[in-house]
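Okay, so here's the structure we're looking at.
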Amino acid sequence: MPAPKYIKELLKNIPQKSGVYQYYDKDDKLLYIGKAKNLKKRVTSYFTKKQEHGKTRVLVSKIQDIKYLVVSSEMDALLLENNLIKKHQPRYNVALKDGKTYPWICIKNEPFPRVFQTRNVVKDGSTYYGPYMSVRLVKTLLDFFHQLYPLRNCSLNLNDKNIKEEKFKVCLEYHIGNCLGPCEDKQSTEEYHMGIEHIKQIIKGDIKSQQAIRFNIFHLNQTYTGKNSKSNVSPKGFTGEKYGGVTYWDTEAYCIPFYHLTKGGHIAKNLLKYRYNHLDKAIENAAKVGFVGGAALYPMVTANGEECHNEWEITFEEIHRNSAIAIAIRNYVDFSNDQEYLYEMGLEILIAISRFWSQRISYSSSLNQYVILGVTGPNEYENNVDNNWYTNYSAKWCLYFTRKSLKQVEENSILDFKRIISKTDFKMSELERWSTIEKNIYLPFSEDLDIYIQNDGFLNKELIPANEIPIDQRPINQNWSWDRILRSPYIKQADILQGFYFFEDDFSKESLKKHYDFYEKYTVHESSLSPCIHCIQSLKLDYIEKAYDYFLRTARLDLNDYNNEVQEGLHITSMAGTWMSIVYGFAGLKISENRLSFTPRIS
């Protein structure tokens, strides 16, 4: 049947990728759902081939609109098609009313459950999934499960009594690695059932999470290609005019890991080169507020290296942004082992940042320690405070990491070392001050609570948990006066917990738990960058349900418009946090000192 003109226009835009297609009639009613390895070929065939079946000819005559969903594989298309058909039951799909005529996946109710295809649902306590439209899908899933998990396929009665009496012997399936031999007690029920639980999760799927992460990754890829080191990542990308396309420290803290591990080291290097190209401007920025000798203060907001922010409590006080750049340099070198970057650009940035910290830090004779006064930490609901723990600790770490990097370059490339020392007019006496500060910086601590205090005076507040704020007063930044917010204990985004994320090797799991349990209940997550850090930290503590809730909050922030502000544009940098939640959180990826490790936290 020849395609009408309007259908031909739709067909032009359909990609040659795997996916699911949907046909709608003139009343926008869903007529049919199908899957395809190649969407363009499959959908086009409806309008270019002679249809033999009357039902199909009638279907095609009613099609007024075509929608499609692209997925990464043919298996994903099969799963999605099946779920959508069961959900919507379109008129022209085979109705799934008589479940006995269609295949199911059965997880048998027995000590070591078998997983197999059946067309008969027996009420014996077994778990059944289906019915499925496609036998092929069921077989594909079963093959996939057997590849992942060594499941038994025998029908032996493997109860405790029979196993203890050694009634069975392992068969060929055990010897070729397809089964771990539960019949001879070579595999525990706990280990076997762990695989069964994973299979159940795979079958159930999580469409809303899949939609969210694909949506986020799409926009991250749209926002930055990495071809030009003169460009960077704007918090709204190209989706809204808020922030005016400028760059924040979010790039270093959240975006570089995504671009590095999905696009390659050269992309991350270009983002860091952007900061190196602005080093002279950062030194100028520091000089404008009284810092000398090559000290650098990178701008909170910039387009060309100059400070573009217009709020003093952010511009002059949220100075922890310097540390984010140093952390990104550490991560890039750890991930890529690109020592040349450290020699060519990185070390100069680190020296300039450490010079800033050395001058910004002052000595308190009453405490007999070094302090940092008048700052705003990551929690922007506390302004002009003294000794924000995250700021103090990140400054301490920067001094340490710069000293370590200087020694590394001196040992491995003496010519580069001498060049950098000469170019920056570096004096070895600077190392002595840095070391002294590093060893003796003040980190607010409560002996009673056995935790670090977010900043001086935090415990003087009326500590009412955030869940007691009336719902009609949330978000507080849209309903409370600024004065009231500053007097409250409420935390806009992860502060101390962000420090425990960036410097995780410095703290025990027990310490993380104490700080999480105390600070999480006062956090209102009114920054888009907050839920992802809480997701990752929840997973480290095995708070799986909380982690999943935080993941959905960061993953679907824009799709569900949780902050009631999507009209201003999408939260691009927080989208990178969604990816971090999966990779660093659920997968437990860690790269340190050229070693890659995973600690999966999925249940």
**OP:** Just jot down the side chain to side chain donor-acceptor pair (under 3.5 Å) partners of Asn221, sequence neighbours excluded, or say none.
**Re:** Lys263

Subject >> Contacts of type side chain to side chain donor-acceptor pair (under 3.5 Å), residue Tyr149, not counting sequence neighbours >> reply: His198

**OP:** Report, as yes or no, whether the 6.0 Å neighbourhood of atom NZ on Lys62 holds more than 12 heavy atoms from other residues, nucleotides or ligands.
**Re:** no

**OP:** Check the surroundings of atom NZ in Lys200: do more than 12 heavy atoms from other residues, nucleotides or ligands lie under 6.0 Å from it?
**Re:** yes

Any salt bridge linking [X] with [Y]? Criterion: basic side-chain nitrogen under 4.0 Å from a carboxylate oxygen.
| X | Y | result |
| --- | --- | --- |
| Asp542 | Arg601 | no |
| Glu252 | Arg321 | no |
| Lys590 | Asp505 | yes |
| Glu382 | Lys492 | no |
| Asp549 | Arg553 | no |
| Lys513 | Glu520 | no |

**OP:** Only counting residues at least two apart or in another chain, list the ones meeting ring-ring contact (aromatic ring centres under 6.0 Å, His included) with Tyr192.
**Re:** Phe112

Subject >> ring-ring contact (aromatic ring centres under 6.0 Å, His included) against Tyr24, all qualifying residues, sequence neighbours excluded >> reply: none

**OP:** Write down the atom of Ile63, the atom of Phe47, and the distance for their closest heavy-atom approach.
**Re:** CD1-CZ, 3.8 Å

Subject >> Heavy-atom closest pair, residues Thr554 and Ser574 >> reply: OG1-O, 3.7 Å

**OP:** Applying ring-ring contact (aromatic ring centres under 6.0 Å, His included), run through His525 and Tyr550 and close with a yes or a no.
**Re:** CA-CA 10 Å; His525 307 290; Tyr550 280 126; 4.9 Å; yes

Less than 3.5 Å apart, any donor N or O on the side chain of [X] or [Y] sitting next to an acceptor on the other?
| X | Y | value |
| --- | --- | --- |
| Asn379 | Tyr381 | no |
| Glu191 | His193 | no |
| His571 | Glu565 | yes |

**OP:** Find the distance between CD1 (Ile203) and CZ (Phe144) and round it off to the nearest 0.5 Å.
**Re:** 11.0 Å

Subject >> Full working for ring-ring contact (aromatic ring centres under 6.0 Å, His included) between Tyr516 and Phe518 >> reply: CA-CA 5 Å; Tyr516 181 102; Phe518 182 80; over 10 Å; no

Original post:
Does the Asp561 side chain pair with the main chain of Val566, one donor and one acceptor, at a distance under 3.5 Å?
Top reply: yes

Original post:
So which pairs with a foot in residues 136-146 pass side chain to side chain donor-acceptor pair (under 3.5 Å), sequence neighbours left out?
Top reply: Glu74-Arg136

**OP:** Using the test side chain to side chain contact (heavy atoms under 4.5 Å, CB included), find all partners of Glu468 that sit at least two apart in sequence or belong to another chain.
**Re:** Ile464, Pro465

Original post:
Are the aromatic ring centres of Phe258 and Tyr254 under 6.0 angstrom apart?
Top reply: no

Original post:
So which of Tyr543, Tyr584, Phe586 actually passes ring pair (Phe, Tyr, Trp, His ring centres under 6.0 Å) with Phe551?
Top reply: Phe586

